[in-house]
There are 2 protein chains.
Amino acid sequence: MGITKTESFSDLQNRLADYFKVLGHPARIAILEHLVNANSCICGDLVDVLPLSQATVSQHLKELKQAGLIKGEISGTSVCYCINAEKWQEVKSFLNEFMDRYPNLEDSCC
Amino acid sequence: MGITKTESFSDLQNRLADYFKVLGHPARIAILEHLVNANSCICGDLVDVLPLSQATVSQHLKELKQAGLIKGEISGTSVCYCINAEKWQEVKSFLNEFMDRYPNLEDSCC
DNA sequence: AGTATTTATCGTAATATTGCAATAAACAAA
DNA sequence: TTTGTTTATTGCAATATTACGATAAATACT
């Protein structure tokens, strides 16, 4: 019924899905790319770079922040965003472990 | 407006987001886990394993198949599903390349 | 104080996703 | 042919997501 049956799956499955999900939007990919490329705090110009309104960008930033992938630091009137390095590594490993569970072999059955 | 502004983003950004997105649901994670663990074709018993109706499972399988992550081979009345090994590696690399763009360093600015 | 700048939040509309019952489709077995 | 078995599809209903205008909140500057 449009509601994901979260409670029917394991914590691990839900956590995996949640991280994949937050990465599953081109705007959030674009935001992360921008922050990664800059490799520094970006104050405000994200809205200029993205083809979305200020309100929409703010919403995507909120989701990325909630997932822990980025940090936002208030600096005067504006806010500086950057990648949360530790969390980024953690998520990378977490997702990779999942992908690595399928062996790199040629012994596919079909 | 609920519609993702796909056309405003690059092909690469959209492709990345699409792969993350298809992985962004616990049911699809569970399906993939089952296929990975079996490391063989699974005929039919997926519905028994998952806490979802046959129709819903079939829908998730369709999405995974469309993304190319799994293959389905008709075998009599039933269908055998298994991981698409080549595509799995390809997607793993593709997503990993994105995650690796953020350097493994401690030189986070904030 | 008043004005400008920047970001967050609220409210709302449009679209997407999830889930399932019912049904269809395809095949096997009797 | 009829019956059962298995998977796909259709047609909803419920919820979630996306997007943005309007507005609020917070701070800086005159």
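Computed from a prediction, not measured in an experiment: that's the story for all the values here. Just so it is clear: chains get the letters A, B, ... in the order the sequence lines come, proteins before strands, and each one is counted from 1.
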Quiz prompt | B/His60 vs C/dG19: side-chain N/O to OP1/OP2 distance below 4.0 Å | solution = yes
B/Leu46 atom CG is separated from D/dT5 atom P, nearest whole Å, by 20 Å
note: B/Glu73, atom CD; D/dT7, atom P; distance rounded to Å ~ 14 Å
Whole-Å distance, A/Gln66 CD to C/dA8 P, equals 12 Å
Rounded to whole Å, CD of B/Gln59 lies from C1' of D/dA8 at a distance of 11 Å
Practice prompt. Output yes when at least one side-chain N/O atom of A/Tyr81 is less than 4.0 Å from OP1 or OP2 of C/dA8, else no.
Written response: yes
Q) So with a 6.0 Å cut-off around CG of A/Asp11, is the heavy-atom count from everything else above 12? A) no
Of A/Thr56 and B/His25, the one whose nearest nucleotide on DNA chain C sits closer to the 5' end is A/Thr56
In whole angstroms, the gap separating C1' of C/dT15 from CD of B/Glu7 amounts to 13 Å
Think B/Ser58 has a side-chain N or O under 4.0 angstrom from the OP1 or OP2 of D/dA8? yes
From CG of A/Asp45 across to P of C/dT5 the rounded distance in Å is 17 Å
Those residues at least two apart in sequence (or on a different chain) that pass salt bridge (Lys or Arg N to Asp or Glu O under 4.0 Å) with B/Lys62 are none
A/Ser53 has its side chain closest, among D/dG21, C/dT9, C/dT7, to D/dG21
B/Asp18 atom CG is separated from C/dT17 atom P, nearest whole Å, by 10 Å
Item to complete: Select base, sugar-phosphate, or nothing to describe what B/Leu61 touches, counting heavy atoms under 4.0 Å on all strands.
Response: nothing
From the list B/Glu63, B/His60, B/His25, side-chain contact (heavy atoms from CB on, under 4.5 Å) with B/Ile31 holds only for B/His60
DNA chain D nearest-nucleotide lookup for B/Phe9 and B/Ala55: closer to the 5′ end is B/Ala55
Hits for salt bridge (Lys or Arg N to Asp or Glu O under 4.0 Å) against A/Lys87, two or more places apart or cross-chain, chain-then-number order -> A/Glu90
In 5'-to-3' order, the base (B), backbone-only (S) or no-contact (-) status of each nucleotide in nucleotides 23-30 of chain D, using a 4.0 angstrom heavy-atom cut-off, is ---BBS--
Could you check whether any side-chain heavy atom of B/Ile74 comes within less than 4.5 Å of a side-chain heavy atom of B/Val79, counting everything from C-beta outward? yes
N/O donor-acceptor pair under 3.5 Å between A/Trp88 side chain and B/Asp100 backbone: no
Nearest heavy-atom approach of B/Leu12 to A/Glu33 is CD2-OE2, 4.4 Å
Atom NZ of A/Lys21 and atom C1' of C/dA16 are separated, to the nearest Å, by 11 Å
